[in-house]
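Written below as structure tokens is the structure these notes are about.
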Amino acid sequence: MLTIYQSLGGRVQAALGRAFPKDTYSSKESGYILDPQLVSASKPEFGDFQINGALQLTKILKKPPRDIANAIVEELIRDETFLEICELPEIAGPGFINITLKPQCLIRELQERINDNRLGVPSIKYALEGQSNPPVIIDFSSPNIAKEMHVGHLRSTIIGDCLARVFEFRGHQVLRLNHVGDWGTQFGMLITHLKQVAPEALSTVNAINLGDLVKFYREAKQLFDEDKNFQRNSREEVVKLQNGDPLSLKAWRLLCNQSREEFQKIYDRLHIHLNERGESFYNPYLKEVIESLNESGLLVIDDGAKCVFLEGILGKDGLPLPVIVQKRDGGFNYATTDLAAIRYRFNNSPKGDGACRLIYVTDAGQANHFAGVFQIAERANWIPKGARVEHVPFGLVQGEDGKKLKTRSGETVRLRDLLDEAINRAEADLRRRLSDEGRIETEEFIAHVSTTVGIAAIKYADLSQNRVSNYQFSFDRMLSLQGNTAPYLLYALVRIAGLARKGGNLNAAVNELLFIEAQEWELIRELLKFDEVIVNLEEELLPNRLCNYLFELSQTFNRFYDQVPILKANEPYRNCRLVLCRLTADTLKQGMTLLGIPTLERM
RNA sequence: GGGGCUGUAGCUCAGCUGGAUAGAGCGACGGUUUCCUAAACCGUAGGUCGUGGGUUCGAGUCCCGCCAGCCCCGCCA
């Protein structure tokens, strides 16, 4: 309904101007435009849209709100274009104006949707003919080499993928960057330790598995904390690596490759595509960061370390908080890498990506870090005019006890175990239902359905929550067949596929769309909201808004399906209803696709 | 000490730029199936929106104080 909303907005604004020409004129002079406040109706009984402005304008216009509302309405009903799309407006309460769209208008809109594979969602316009848009960069997932992916990577990976899909659908060029932790002191530790206990791992492909690597990593960390000699050796090892020692580099590459393969298994299961560009990629640009900061006068040497002091952010002592960009020993740290990354991503090719928008999907705990880094980038003039850089934070994954999610033995939960368990539980549910209903299905079917449902449940549970707050992980809730869950949405689609199997032609050509039931109109109105939801998502970056919409659409559809006969209806109603079913299926499928969730025909 | 996030029904959570009587789902209680998958639908009960002020025609939403929980705060990422 975006286009309707926009054209209606113009009509209403014009009506307000005609009703109060003097005030509109004088307020234009003062740079202030009278706002009629046209918004979607807050409740179905108020129609499709409402004008709230009359209440607020009392002060400027010095008239009671109902008089203002009356004046606006009088002008509106003189507008033929308005009357073509809307019923007569109604004034309600203290001065709200309720607007209901005419059925023909909704039908026309519906007709357009049916023939539009974008379902009404506008595609962004390219700046120049033949030129591609500057990319939007989404930085997400970012596991660490030599560690297994765990529950802490879940949200970033799922939310980041969803946002990337939305931007792609809107027509942006998207760069999905996996900023893996592939550099730094941990490699010194690990290589030093492996040299002693498992030297073959440093020279032979796949000599040890990732599980062992994780064990070795843990041991190395402990040695590093306890043993001075080990610490010194590790530091030397890092220096060797950073200086490009061939043996060290070879070992490092082996370790990275091995981790990469493991990560890829998880990404494949989740149907997530990423471009790996780890921290090490920015090594050649670290020095330039320091130089550039020095040139712009931001660099300060404090206690031997090179820092930038932040504005407006104070440390414990009440003094401005420093961000260390080069350590006393000459080493760089993560802030430097992040700064180099921002610089590179905004820079133009060949030494950059030429991005217009930069999005970081990481946990909320890094908010301070990013605020600092963004401030430095801003002050160093690395962010081009009109470009945006945003941190998209999310809360912790908690167990049902409200604490950080752990295994029974108190360890972090591995992602693959989490996926396995969801799938196993989905399979058990499915088998129980099959036996209850006396259905017989192939093992292939069972495997496919359980995998799809299990993964969908995990993704949907995460995405359907407002990402800012912490999120309580519960297999029972996410796999539940009722409520705002993946299985509920998938089931709505299965019902529609069922209609097609029972002889309903979802693609029947219909000359004239004809609807007579309230449930049909509810469904139509819900379907027409899709474009607005997607466009808002691009701005607000809150996937739960899309989930909410899809859930409401499913509910509205289920009510329609339950209360209105479809296959048993007479023509022309039968075909018209099938058209609604088809558009519902298309919308649900597109919505789920944007969430990164594949759908099913039967389950 | 400074900063960030959170606090809404018994539980898990929505609530977009301030708008009409604060909404879902689960759980509880009650109902619906000769009919397209009942994995559904319909109904009932359940609230001092942490708390105290302020801003205004109007506040869950904006501002200030306080309380509680979680997270971050110079050489880890």
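Letters go in sequence order (proteins before strands), and every chain restarts at 1. Worth knowing before you read on, the calculation uses all heavy atoms, side chains too, and leaves out hydrogens, waters and symmetry mates.
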Q.
The criterion is salt bridge (Lys or Arg N to Asp or Glu O under 4.0 Å); which residues satisfy it with A:R66, sequence neighbours excluded?
A. none
Could you pull out every donor-acceptor pair under 3.5 Å between side chains of residues 492-504 of chain A and any protein atom, sequence neighbours left out?
from: A:R495; atom 1: NE; to: A:Y491; atom 2: OH; distance (Å): 3.2
from: A:R495; atom 1: NH1; to: A:N558; atom 2: OD1; distance (Å): 2.7
from: A:R501; atom 1: NH1; to: A:E601; atom 2: O; distance (Å): 3.4

**Q.** Counterpart residues, side-chain hydrogen bond (donor to acceptor under 3.5 Å, both in side chains), relative to A:R277 (two or more places apart)
**A.** A:Y282, A:D353
Q | Residues which pass side-chain hydrogen bond (donor to acceptor under 3.5 Å, both in side chains) with A:N98, listed by chain and number, not counting sequence neighbours | A | none
Q) Can you name the residues that form a salt bridge (Lys or Arg N to Asp or Glu O under 4.0 Å) with A:R582, not counting sequence neighbours? A) A:D586
Q) Can you list the residues that meet the side-chain hydrogen bond (donor to acceptor under 3.5 Å, both in side chains) rule with A:E571, with sequence neighbours excluded? A) A:N575
Considering only nitrogen or oxygen atoms on both sides, find all protein atoms under 3.5 Å from nucleotides 49-51 of chain B and state each distance.
none

Q: Write out the stems for RNA chain B, ordered by first number and formatted as range with range, counting runs of at least 3 consecutive Watson-Crick or G-U wobble pairs under 3.5 Å.
A: B:1-7 with B:67-73, B:10-13 with B:23-26, B:28-32 with B:40-44, B:50-54 with B:62-66
Distances under 3.5 Å only, N/O to N/O: pair up the protein atoms with those of nucleotides 16-20 of chain B.
from: B:C16; atom 1: O2'; to: A:E540; atom 2: OE2; distance (Å): 3.0
from: B:G19; atom 1: N7; to: A:Q37; atom 2: OE1; distance (Å): 3.4
from: B:A20; atom 1: N6; to: A:N98; atom 2: OD1; distance (Å): 2.4
from: B:A20; atom 1: N1; to: A:N98; atom 2: ND2; distance (Å): 3.4

Q: Check side-chain hydrogen bond (donor to acceptor under 3.5 Å, both in side chains) between A:Q231 and all other residues, then give those that pass, not counting sequence neighbours.
A: none
(Q) According to salt bridge (Lys or Arg N to Asp or Glu O under 4.0 Å), who are the partners of A:E540, at least two apart in sequence or on a separate chain? (A) A:R545
Shorter than 3.5 Å, N or O on both sides, protein versus nucleotides 5-12 of chain B: list them out with atom names.
none

